Amino acid sequence: MWWAGSASIACNRRLRGVSDDRLPRLRVGDTERDEVLNLLQEAFIAGRLDVDEYEARQEKCMAARYREDLALVVSDLPEGQSWMAVSPQPPATSTAYPVVSSESTASSDFAFMSGKDLYFDANCRQFSSFAMWGGHNIHLAAALGPGTVVELQLSSVMGGYNVYVPEGVNVIDKTTCIMAGVNTDRKARGDGSQGTLVLRGFHLMGGVNVKAE
């Protein structure tokens, strides 16, 4: 595993007497990631980041393992200066990590001439589904909250989905639709205070309805 190799390299450096100013590196958890996600939401709302930049930085934040990785995400934002004051300065280079954090879950599903109610808990970060002549009711009230990001990869042919979210969620639509569409109810259009929902996928004569729950 990659982390085992990294630990071995660090250990060998010490044994050879090679100094490394970045050792020890402080790991981060969900609390630190949530703090930075909240800062990114503030910067997005203030217009400092466009949708693509916002999404890219969210992914880097979710993938962060060390405080210096998080510092890289907010070092050029006014919202991040207070956080930077108690964090290490970003290094010249950084290690690439998986996009989905180890605490998150990703799952998939298929619906054909059928559908069901799906309820996701706080561990949900990604879910993908394909529906033909059917679809699901997807409930995200327990999965979304301050600083969270959930990505749904939903596709349909003559089918669709109802997605239920708490009020205050920022919905980002990245879908491709042909004779279909994504409809977000007014009450489901939030400022991101309850997290971010990213919708991806392809719809033909189908689509997604996002509703407040």
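Because the structure is a prediction, the values reported are computed rather than measured. Nothing fancy with the numbering, it's 1 onward along the sequence.
Counting all heavy atoms, side chain and backbone alike, L39 lies closest to G80 at CD1-CA, 4.0 Å. Across all non-hydrogen atoms, the minimal contact from G206 to A180 is O-CB, 2.5 Å. Across every non-hydrogen atom of A212 and A188, the tightest pair is N-CB, 3.8 Å. Minimum heavy-atom separation, F120 to I138: CE1-CG2, 3.6 Å. Closest non-hydrogen pair, E213 versus A141, comes out as OE1-CB, 3.5 Å. The shortest non-hydrogen separation linking C177 to T175 is SG-OG1, 3.6 Å.
Interatomic distance, C124 SG to L152 CG, rounded to the nearest 0.5 Å: 6.5 Å. Between atom CG of residue L40 and atom CG of residue L49 there is a gap of 6.5 Å, rounded to the nearest 0.5 Å. Summarising the geometry, atom OG1 belonging to T176 is positioned 12.0 Å from atom CG belonging to L204; distances are rounded to the nearest 0.5 Å. To the nearest 0.5 Å, atoms CG (N38) and OG (S193) are separated by 9.5 Å. Rounding to the nearest 0.5 Å places CE of M205 at 11.0 Å from CH2 of W133. Here the OH atom belonging to Y119 is positioned 3.5 Å from the NE2 atom belonging to H139, to the nearest 0.5 angstrom.
Note on V51: it clusters hydrophobically with V36, by side-chain heavy-atom contacts below 4.5 Å among ILVMFWY residues. Cluster membership check: L118 shares its hydrophobic cluster with V169, using side-chain heavy-atom separations under 4.5 Å among Ile, Leu, Val, Met, Phe, Trp and Tyr. V208 and M179 are assigned to two separate hydrophobic clusters, defined by single-linkage of ILVMFWY side chains at heavy-atom distances under 4.5 Å.
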* Asked: Can you check side chain to side chain contact (heavy atoms under 4.5 Å, CB included) on L70 and L72, steps first, answer last?
  -> CA-CA 5 Å; L70 289 178; L72 283 167; over 6 Å; no
* **Pair L199-V182, side chain to side chain contact (heavy atoms under 4.5 Å, CB included): steps then yes or no** => CA-CA 9 Å; L199 295 174; V182 174; 3.9 Å; yes
* Under the side chain to side chain donor-acceptor pair (under 3.5 Å) rule, what do S156 and Y161 come out as? Steps first, then yes or no, please. => CA-CA 8 Å; S156 66; Y161 303 84; over 6 Å; no
* Can K174 and D52 be said to form a salt bridge (charged side-chain N to carboxylate O under 4.0 Å, His left out), step by step? -> CA-CA 10 Å; K174 295 280 191 175; D52 291 334; 2.6 Å; yes
* Residue pair D117, H136: steps toward the side chain to side chain donor-acceptor pair (under 3.5 Å) verdict -> CA-CA 6 Å; D117 285 288; H136 299 311; over 6 Å; no
* Go through L37 and T148 one step at a time and tell me if the side chain to side chain contact (heavy atoms under 4.5 Å, CB included) criterion holds. => CA-CA 7 Å; L37 285 172; T148 60; 5.9 Å; no
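E53 has its side chain out of reach of R48: every pair of non-hydrogen atoms, C-beta onward, lies at least 4.5 Å apart. Using a 4.5 Å heavy-atom cutoff, the side chains of V163 and N209 are not in contact. Using a 4.5 Å heavy-atom threshold, the side chains of N170 and D191 count as separate. Residues L144 and Q194 have side chains not in contact (no heavy-atom distance under 4.5 Å, counting atoms from C-beta outward). Looking at heavy atoms from C-beta onward, Q58 lies in side-chain contact with T196 at the 4.5 angstrom threshold. No side-chain heavy atom of V210 sits under 4.5 Å from any side-chain heavy atom of Y164. Residues E42 and I45 form no side-chain contact, since every pair of their non-hydrogen atoms from C-beta on lies 4.5 Å or further apart. The side-chain heavy atoms of M62 and R125, taken from C-beta on, include a pair separated by under 4.5 Å.
A donor-acceptor pair is defined here as one N or O able to donate and one able to accept, closer than 3.5 Å; such a pair exists between the side chain of H203 and the backbone of L154. Judged by distance alone, the side chain of Q126 and the main-chain N or O of E151 form no donor-acceptor pair under 3.5 Å. The closest donor-acceptor contact from the side chain of Q81 to the backbone of P78 lies at 3.5 Å or more, if one exists at all. Side-chain atoms of D69 come within 3.5 Å of backbone N or O of Y66 as a donor-acceptor pair. A donor-acceptor contact shorter than 3.5 Å is absent between the side chain of R57 and the backbone of V74. A donor-acceptor pair is defined here as one N or O able to donate and one able to accept, closer than 3.5 Å; such a pair exists between the side chain of R65 and the backbone of A63.
Listed by chain and residue number, nothing satisfies the ring pair (Phe, Tyr, Trp, His ring centres under 6.0 Å) test with F202 (two or more places apart in sequence, or in another chain).
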